[in-house]
Every structure is written in C-alpha cells, then in structure tokens.
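Here's the structure, in structure tokens; my notes come after.
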Number of protein chains: 2
Amino acid sequence: MRDPLPDFPGYSLRRAANATAAELSSRLAELELRQVDASLLILIGENPDVTASALGRQLDIQRANMVPLLKRLEDAGLIDRKPLDGKSQGLVLTSAGEEKCKQAQAIIEAFETEMLQRVPEPHREHLLPALYALWN
Amino acid sequence: MRDPLPDFPGYSLRRAANATAAELSSRLAELELRQVDASLLILIGENPDVTASALGRQLDIQRANMVPLLKRLEDAGLIDRKPLDGKSQGLVLTSAGEEKCKQAQAIIEAFETEMLQRVPEPHREHLLPALYALWN
DNA sequence: TAACAATTGTTGTTGCTTATAGCAATCCAT
DNA sequence: ATGGATTGCTATAAGCAACAACAATTGTTA
C-alpha cells in the first residue's frame with residue numbers, strides 16, 4: 001500500500017512512542033505497575049515529602065486526575081501520606097514502595113538500553129537531545 | 001524538583017509525542033478533523049478502493065475500531081464506499097473529501113516543518129531515521 | 001465439489017485515560 | 001483581616017482502544 005505517512009517525523013514520532021510505550025507497559029505489568037505508577041514512584045523516591053499538586057505540575061497531570069493515581073499506590077501499600085500543614089500532605093515511599101521502585105528502575109533502564117540499541121549507531125546520540133527540544 | 005525522568009529517551013519520547021500531538025490536533029481542529037481522520041483521508045486518497053481492514057492493518061488499528069472512524073468520515077460526506085465483492089467494500093474520497101485532504105496535508109506539512117525547526121541543527125537530520133528504527 | 005479455514009465488516013461491552021466543573025478547607029500577601 | 005490563590009477532593013462526561021463474538025462471504029485443499 002502506498003503510505004506517505006512514515007515520512008512525516010510527527011507521524012513516526014507518534015508510532016515510535018506507541019510502540020515503545022506498549023513494550024515498556026508489558027514489562028512493567030510484571031510488577032503490576034503502569035508507566036504512570038512507575039513515574040510517580042521514581043519522582044516520590046527522589047523527592048520525599050513532595051505534594052500531589054507538585055507531582056501533577058511536573059508530569060503535566062491535572063490535580064483532579066492525581067487522586068485516583070495516588071489512591072492506587074496508597075492502597076497497594078507503596079506510598080504513605082503525612083500532613084505537612086493543614087492542607088498539604090507530603091508523599092513518601094514505604095519500604096515496599098522503595099523495593100518496587102528499585103525493580104521498576106531496573107526494568108526501565110534495561111528497556112531504555114535495548115531501545116537505544118535499536119537505533120542505528122550514527123543517529124543514536126542525537127535522539128535524546130532532539131526529542132528534548134520538542135517538548136521544552 | 002529532582003527529576004531524572006527526562007534523561008530517559010523513552011520518557012522524552014512520550015512527552016515529545018504528547019506535546020506535538022496536542023499542537024497538531026488543535027490545528028487540525030480548524031478543519032474539524034482529528035489526527036486519525038487526517039491519516040485515513042491521506043491513505044484513502046493515495047489508495048483508492050482500499051478496504052477498511054487493509055487500512056486498519058496499515059495503521060495498527062483493529063478492525064472493530066475502524067467502524068466508528070469510517071462512519072464519521074462517511075457521515076461528514078468525505079468518503080464513499082462501494083462494494084468490491086460480496087463482503088469487501090472499497091473506500092474512496094468524495095470531492096469534498098479530496099478538498100479536506102488537501103487542506104489537511106497543507107496543515108500537516110507546515111506543522112512538520114515548524115516542528116523540525118525546533119530541533120537544533122546538528123540533531124535534525126537524525127530524528128526521522130532514529131524514530132523510524134524504533135517502530136519498524 | 002464438499003468441507004474447512006480465513007477474511008470482512010459489524011455489534012456490544014469494557015476499561016483506561018483525560019477533561020471539566022465545582023467545593024470546602026487552608027494558606028499567603030497586602 | 002480580608003481576598004485571592006492553593007490544595008485535595010468529588011463527580012461527571014467524553015474519547016479511545018481492547019476484546020469477544022457473530023454472520024456472511026471468500027479461499028483453499030482434500
């Protein structure tokens with residue numbers, strides 16, 4: 001079939017993102033985590049006592065949508081909340097959460113390495129800076 | 001906030017795809033088209049009498065999910081169906097569909113050009129081949 | 001040619017994700 | 001001290017894709 005779409009960088013960007021996201025998701029599923037979950041665990045691990053709204057701003061997730069996400073993680077015993085003041089609550093990893101986070105990071109790093117291997121050598125080092133420029 | 005995520009190519013890939021998709025979507029909205037719609041119009045334009053299942057295979061969209069997509073385009077008077085044999089039907093652009101398709105292509109090409117401009121010169125030419133390798 | 005397998009278009013359902021609006025409580029700055 | 005902003009939350013709606021199932025038709029091969 002004649003298909004001019006792959007010649008559009010934007011189209012290839014979407015397809016590449018879909019393909020890699022599907023692969024990573026299936027690997028994270030073994031930890032019963034989704035990509036968002038892993039992102040949240042990593043950010044909370046790096047920033048103890050971060051608030052839900054700050055996380056949302058960082059990940060471009062609206063406040064309202066953070067609620068069910070964090071509830072899942074809390075119900076799974078991966079994070080804890082402790083009140084910082086009357087209205088804000090700090091988020092921290094539980095010990096189970098730290099363990100999961102480590103495992104997730106291992107999976108993600110292995111995945112990223114494999115992914116980069118798929119990119120032909122001369123283009124490889126240009127991928128990250130090129131992508132970064134597109135959303136910053 | 002400490003945020004190691006942007007250093008992961010996979011994460012930057014997802015963020016870049018989201019950011020660019022949002023931008024392109026808002027531009028296509030002026031034609032009352034979504035990205036899928038535009039993709040379908042372009043493919044049908046290039047391949048008259050293509051079937052719904054062939055389109056789905058090309059775009060990695062399941063047969064079942066093609067139904068509402070094509071129905072929208074048909075209801076909008078952009079495509080026509082004609083039976084090829086007892087069960088298959090060929091899809092073609094109506095004249096209105098061809099007009100829309102041209103407009104969409106203009107918007108997309110302008111968008112792609114602007115998008116590439118955002119990528120610093122030394123990385124630019126590597127973007128498409130790098131992305132292509134990730135989903136093929 | 002008769003039986004079996006694969007394909008096509010479709011329906012209906014489900015779950016996931018995001019958008020949106022609104023609300024009460026609290027914090028902060030003038 | 002008051003008004004505006006922020007935080008966490010509820011509830012709702014919409015869009016999108018996955019999945020299973022089905023009837024009709026086509027093709028393959030024994």
Side-chain angles (χ1 to χ4, degrees), chain A residues 1 14-15 17-26 28-29 32-40 43-44 47 49-76 79-92 135, chain B residues 1 11 14-15 17-26 28-29 32-40 44 47 49-76 79-92 135:
Chain A
M1 180 183 319
R14 187 154 60 107
R15 294 298 298 259
N18 286 346
T20 56
E23 170 65 18
L24 178 56
S25 288
S26 89
L28 284 176
E32 293 183 339
L33 290 180
R34 296 166 307 168
Q35 287 187 62
V36 212
D37 301 326
S39 307
L40 289 171
L43 277 189
I44 295 173
N47 304 275
D49 281 348
V50 70
T51 65
S53 353
L55 279 182
R57 277 190 295 272
Q58 189 70 23
L59 295 173
D60 275 325
I61 299 175
Q62 299 195 21
R63 254 175 322 144
N65 297 327
M66 293 294 298
V67 179
L69 297 180
L70 294 176
K71 178 162 172 23
R72 276 173 54 97
L73 296 179
E74 193 181 20
D75 289 348
I79 64 172
D80 262 340
R81 319 187 190 216
K82 53 176 180 181
L84 294 181
D85 55 35
K87 68 175 176 185
S88 300
Q89 41 194 331
L91 303 169
V92 289
W135 65 280
Chain B
M1 182 183 318
Y11 180 80
R14 186 154 60 109
R15 293 297 298 259
N18 285 346
T20 56
E23 171 66 17
L24 178 56
S25 289
S26 90
L28 285 175
E32 291 181 343
L33 290 180
R34 295 166 307 165
Q35 287 186 60
V36 214
D37 300 326
S39 306
L40 290 171
I44 296 172
N47 304 275
D49 281 348
V50 70
T51 66
S53 353
L55 279 182
R57 276 190 296 272
Q58 190 70 21
L59 295 173
D60 274 326
I61 298 175
Q62 299 196 14
R63 270 199 327 281
N65 297 326
M66 294 293 299
V67 179
L69 298 180
L70 294 176
K71 177 160 171 28
R72 276 173 53 96
L73 295 179
E74 193 181 21
D75 289 349
I79 64 173
D80 263 340
R81 319 189 190 215
K82 51 178 180 180
L84 294 182
D85 55 35
K87 67 176 177 185
S88 300
Q89 43 193 328
L91 304 169
V92 289
W135 66 280

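Quick note: numbers below take in every heavy atom, side chains included, and nothing from hydrogens, waters or symmetry partners. So you know, we letter chains A, B, ... as the sequences are listed, proteins then strands, and number each from 1.
- In this structure, B:L69 places its CG atom 14 Å from C1' of C:dT10, rounding to the nearest Å.
- The residue A:R72 sits apart from the nucleic acid: no heavy atom pair falls under 4.0 Å.
- Whole-Å rounding puts the A:K82 NZ to D:dT7 P distance at 18 Å.
- Under the side chain to side chain contact (heavy atoms under 4.5 Å, CB included) test applied with B:D80, the options B:L91, B:I44, B:V92 reduce to a single match, B:V92.
- For A:E74 and D:dG8, the CD to C1' distance is 13 Å, given to the nearest whole Å.
- Taking the side chain as every heavy atom from C-beta outward, A:R14 and B:T20 never approach each other to under 4.5 Å.
- Taking the side chain as every heavy atom from C-beta outward, B:L55 and B:N47 never approach each other to under 4.5 Å.
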Worked check of side-chain contact (heavy atoms from CB on, under 4.5 Å) between A:L70 and A:R81: CA-CA 10 Å; A:L70 294 176; A:R81 319 187 190 216; 3.8 Å; yes
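- Rounded to an integer number of Å, the gap from CD of B:Q35 to C1' of D:dG15 is 14 Å.
- Smallest separation of non-hydrogen atoms from B:L69 and B:N65: CG-O, 3.4 Å.
- In this structure, A:Q58 atom CD and D:dT7 atom P are separated by 14 Å, rounded to whole Å.
- Here A:R81 does not reach the OP1 or OP2 of D:dT7: none of its side-chain N or O atoms lies under 4.0 Å away.
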side-chain contact (heavy atoms from CB on, under 4.5 Å) between B:L59 and B:M66, worked out: CA-CA 10 Å; B:L59 295 173; B:M66 294 293 299; 5.6 Å; no
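- In this structure, CG of A:N65 is placed 13 Å from C1' of D:dA14, rounded to the nearest angstrom.
- The shortest distance between the side-chain N/O atoms of B:Q62 and the OP1/OP2 oxygens of D:dA18 is below 4.0 Å.
- Put simply, CG on A:L84 is 17 Å from P on D:dT6, counting in whole angstrom units.
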Identify the pairs formed between an N or O of the protein and an N or O of nucleotides 21-24 of chain C at a distance under 3.5 Å, and give each distance.
none

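- As a whole-Å value, the separation of A:M66 CE from C:dT18 P is 11 Å.
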Pair B:V36-B:I61, side-chain contact (heavy atoms from CB on, under 4.5 Å): steps then yes or no: CA-CA 10 Å; B:V36 214; B:I61 298 175; 3.9 Å; yes
Extract from the structure each pairing of a protein N or O with an N or O of nucleotides 24-28 of chain D at less than 3.5 Å, listing the distance.
| unit_1 | atom_1 | unit_2 | atom_2 | d |
| --- | --- | --- | --- | --- |
| D:dT25 | O2 | B:K87 | NZ | 3.1 |
| D:dT26 | OP1 | B:G86 | N | 2.6 |

Stepwise side-chain contact (heavy atoms from CB on, under 4.5 Å) test for B:S25 and B:Q35: CA-CA 6 Å; B:S25 289; B:Q35 287 186 60; 3.0 Å; yes
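- Under the salt bridge (Lys or Arg N to Asp or Glu O under 4.0 Å) criterion, the residue pairs touching residues 52-72 of chain A are A:D37-A:R72, A:D60-B:R15, A:K71-A:D75, with sequence neighbours excluded.
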